[in-house]
2 protein chains.
Amino acid sequence: MKSINLIESLRNVDTSSLVDRVEKNLIELFIEKGFKVGDTIPTELELKEAMGVSRTVIREALLRLRMIGLIDSKKRRGAVITSPDLTAVLQKSMNPQMLDDSTLREIFEMRLSLEIGMADFIIQRVTPEDIAELKAIVKSEPKKAKTHLFQIEQEIKFHGKLYDITGNETLKNFQKMLLPIFDYVHQSGILKKQIALKQFVSHAGLIELIEKGSAEKLRNGIRNHLENHFLRIL
Amino acid sequence: MKSINLIESLRNVDTSSLVDRVEKNLIELFIEKGFKVGDTIPTELELKEAMGVSRTVIREALLRLRMIGLIDSKKRRGAVITSPDLTAVLQKSMNPQMLDDSTLREIFEMRLSLEIGMADFIIQRVTPEDIAELKAIVKSEPKKAKTHLFQIEQEIKFHGKLYDITGNETLKNFQKMLLPIFDYVHQSGILKKQIALKQFVSHAGLIELIEKGSAEKLRNGIRNHLENHFLRIL
DNA sequence: TGCCCACATTATGTCATACATAATTCAAGT
DNA sequence: ACTTGAATTATGTATGACATAATGTGGGCA
């Protein structure tokens with residue numbers, strides 16, 4: 001135990017680069033100073049003076065902040081605080097080919113979790129127009145999916161609408177982001193081969209459940225609807 | 001419609017900065033060349049030559065890639081491809097004080113969704129040791145929470161363990177990330193004031209459900225357990 | 001007066017160069 | 001065989017210069 005602590009403390013020699021520290025400092029500074037969205041932050045030159053590092057370092061740190069959407073900078077105007085868009089940040093690293101298999105698989109699972117859990121929000125916030133739209137989507141579905149591709153498109157349309165109904169933008173963005181991954185995993189050899197492809201609760205069935213208005217029933221219905229996916233990972 | 005299209009096309013004058021484009025190019029290059037985790041990418045000088053821009057620009061682009069965890073660079077060795085850690089990316093922008101209220105609220109909802117949806121994975125992967133640990137946690141809970149703070153700590157411990165059981169690292173990391181947000185939202189004035197604080201399914205009750213082995217029952221149990229939170233947003 | 005144009009100003013964007021630093025290689029020396 | 005240390009190399013940091021775009025400003029003109 002003691003030796004572990006020793007190693008731990010040895011590891012803490014602050015291996016972070018100067019830019020790392022400046023970045024951290026900047027964030028702390030903004031919070032401390034109570035900067036709000038829309039406020040302009042000091043210029044690069046001022047920060048350089050204040051922190052005693054080169055403008056290069058300041059710039060690289062600001063670049064990171066800009067990247068995570070914390071600031072937005074324009075020429076002459078300087079940089080202003082913005083509200084970070086979480087999903088935009090992820091988008092870039094969310095490339096299926098760049099992620100390793102286990103991460104991909106975990107993301108696949110997360111998507112399933114999210115969709116089951118959002119039943120309550122659907123029930124609470126669905127409007128008659130939403131239901132009509134869902135029905136229209138189902139109606140446009142072919143009896144027997146002609147092509148695999150078409151089938152997937154239908155899936156995306158229907159489930160996308162479900163996310164839509166929750167009115168949760170962050171959730172929607174996540175869905176948009178997770179979709180390519182989900183599809184990729186679905187088709188790749190990461191999971192077990194698709195076996196039965198039995199038909200469980202259908203889209204039409206889900207609509208019925210939504211109309212009935214019971215969150216619990218809908219929740220379990222969605223779970224059932226996703227059974228084919230679950231069969232492949234459990 | 002036409003005018004909208006016009007505006008759309010006008011907006012597409014490529015307002016992106018040079019660094020933006022280089023970044024994109026680099027990612028495409030890596031994918032195209034089929035770089036795998038562990039491969040070293042060309043040096044900054046080589047990239048500078050190949051792309052015909054200054055090293056500064058290359059560096060800023062690489063900085064971004066490094067930031068999203070796509071590459072990891074060491075002196076002398078150069079930069080190597082790594083598997084991006086999605087959550088590490090988010091961590092920085094996930095500062096409650098930096099996000100606006102509606103986003104915070106949406107994250108709050110997402111966390112609830114996730115937790116309900118993971119019932120299946122818990123049931124599937126729980127071990128006797130896990131259950132013992134859960135019971136130990138519950139045992140250490142005071143009859144009546146002495147302090148609000150202590151109560152929260154207990155919550156975190158128990159629910160953290162639930163995430164743990166799923167064995168899904170990405171999910172766990174998300175939980176870790178969402179926690180501060182969740183807590184912040186919980187205490188801030190964003191949501192309705194906490195009203196009744198009735199006791200629904202308890203932690204002990206959840207353990208029972210886990211032991212019973214029905215994913216559906218557990219799912220609904222978790223939903224019930226979180227009722228206090230739902231009451232505040234619906 | 002009030003509007004408009006040209007110029008100055010200013011802060012970010014890009015470039016080039018130099019040096020610092022750390023990791024690796026490799027050969028000399030014990 | 002092992003260590004030591006210098007050379008090498010790629011990233012890290014610093015600095016100065018110029019480009020570019022947005023804003024501010026003042027003079028000229030109707």
Side-chain angles (χ1 to χ4, degrees), chain A residues 10-27 29-30 33 35 37-82 84 92, chain B residues 10-27 29-30 33 35 37-82 84 92:
Chain A
L10 280 178
R11 276 185 57 82
N12 282 343
V13 281
D14 193 5
T15 170
S16 62
S17 76
L18 186 54
V19 177
D20 288 327
R21 277 168 285 160
V22 169
E23 180 195 357
K24 218 170 167 188
N25 270 356
L26 285 175
I27 292 181
L29 179 76
F30 296 161
K33 291 262 179 183
F35 280 133
V37 172
D39 293 353
T40 68
I41 65 177
T43 70
E44 294 175 355
L45 274 309
E46 285 168 342
L47 291 174
K48 162 193 144 94
E49 293 303 323
M51 297 199 167
V53 295
S54 76
R55 189 180 156 218
T56 310
V57 173
I58 295 286
R59 273 189 62 75
E60 296 201 346
L62 288 180
L63 191 74
R64 294 189 182 180
L65 300 190
R66 182 159 49 255
M67 198 193 159
I68 64 179
L70 204 99
I71 64 174
D72 183 34
S73 50
K74 291 235 171 72
K75 284 180 182 174
R76 158 76 197 192
R77 174 148 182 214
V80 300
I81 302 272
T82 57
K92 279 167 195 155
Chain B
L10 279 178
R11 276 186 57 83
N12 281 343
V13 280
D14 192 5
T15 169
S16 64
S17 75
L18 185 55
V19 177
D20 289 327
R21 277 168 285 161
V22 169
E23 180 196 357
K24 218 170 168 187
N25 270 355
L26 285 175
I27 292 180
L29 178 77
F30 296 160
K33 291 261 180 184
F35 280 133
V37 173
D39 292 353
T40 68
I41 65 176
T43 69
E44 294 176 355
L45 274 308
E46 286 168 341
L47 291 173
K48 162 194 143 93
E49 292 304 322
M51 297 199 164
V53 296
S54 76
R55 190 178 154 220
T56 308
V57 173
I58 295 285
R59 274 190 61 74
E60 297 201 342
L62 288 180
L63 190 76
R64 293 188 182 181
L65 299 191
R66 183 160 47 256
M67 201 193 156
I68 64 179
L70 206 105
I71 65 173
D72 182 35
S73 50
K74 290 232 174 74
K75 284 181 182 173
R76 158 78 195 192
R77 175 151 181 212
V80 300
I81 302 273
T82 57
K92 278 167 195 156

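Here the structure is a predicted model, which is why all the values come from computation and not from measurement. Convention: sequence-line order gives letters A, B, ...; per-chain numbering from 1.
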*Rounded to whole angstrom units, what separation is found between the CD atom of Glu49(B) and the C1' atom of dA16(C)?*
12 Å

*Where the side chain of Lys48(A) is defined as all heavy atoms beyond and including C-beta, which of dG13(C), dT15(D), dT11(D) is the nearest nucleotide?*
dT15(D)

Protein N or O to nucleotides 7-9 of chain C N or O, pairs below 3.5 Å:
residue	atom	partner	partner atom	Å
dT9(C)	O2	Arg76(A)	NH1	3.2

Cut-off 3.5 Å, no hydrogens considered: what does the side-chain donor-acceptor table look like for residues 45-52 of chain A, sequence neighbours left out?
residue	atom	partner	partner atom	Å
Glu46(A)	OE1	Thr43(A)	N	3.0

*Could you state the CG-P distance from Leu45(B) to dA18(C), rounded to the nearest angstrom?*
13 Å

*Give the intermediate values and the outcome of side chain to side chain contact (heavy atoms under 4.5 Å, CB included) for residues Val22(A) and Glu60(A).*
CA-CA 9 Å; Val22(A) 169; Glu60(A) 296 201 346; over 6 Å; no

*Identify, between Lys74(A) and Val57(A), the residue whose nearest nucleotide on DNA chain D lies closer to the 5' end.*
Val57(A)

_Contacts of type side-chain contact (heavy atoms from CB on, under 4.5 Å), residue Ser54(A), not counting sequence neighbours_ = Thr56(A), Val57(A)

_Closest listed nucleotide, where the reference is the side chain of Ser54(B) and the choices are dA22(C), dT14(C), dT12(C)_ = dT14(C)

*Quick one: is Thr56(B) getting a side-chain N or O under 4.0 Å of the dG13(C) phosphate, OP1 or OP2?*
no

*With respect to the side chain of Thr43(B), which nucleotide from dT11(D), dA14(D), dT12(C) is positioned closest?*
dT11(D)

*Using heavy atoms to find the nearest nucleotide of DNA chain D for Arg77(A) and Glu60(A) separately, return the residue whose nucleotide is more 5′.*
Glu60(A)

*Spacing between Leu63(B) atom CG and dG12(D) atom P, to the nearest angstrom*: 8 Å

_Pairing residues for Lys75(B) by the side-chain contact (heavy atoms from CB on, under 4.5 Å) criterion, not counting sequence neighbours_ = none

_List the residues meeting salt bridge (charged side-chain N to carboxylate O under 4.0 Å, His left out) with Arg66(B), not counting sequence neighbours, and say none if there are none._
none

*Could you state the interatomic distance from CD1 (Ile58(A)) to CG (Leu63(A)), rounded to the nearest 0.5 Å?*
12.5 Å

*Grab the CG-C1' distance between Asp20(A) and dG12(D) for me, whole Å please.*
11 Å

*Between dT13(D) atom C1' and Arg59(A) atom CZ, what is the distance in whole Å?*
15 Å

*Could you tell me whether the side chain of Arg55(A) has a donor or acceptor atom within less than 3.5 Å of a complementary atom in the base of dG16(D)?*
no

*Can you tell me the distance, in whole Å, between the CG atom of Leu62(B) and the P atom of dT11(D)?*
8 Å

*asked:* Using whole Å, what does the distance between atom P of nucleotide dT9(D) and atom CD of Glu46(B) come to?
replied: 12 Å

*Partners of Arg55(B) by salt bridge (charged side-chain N to carboxylate O under 4.0 Å, His left out), sequence neighbours excluded?*
Glu44(B)

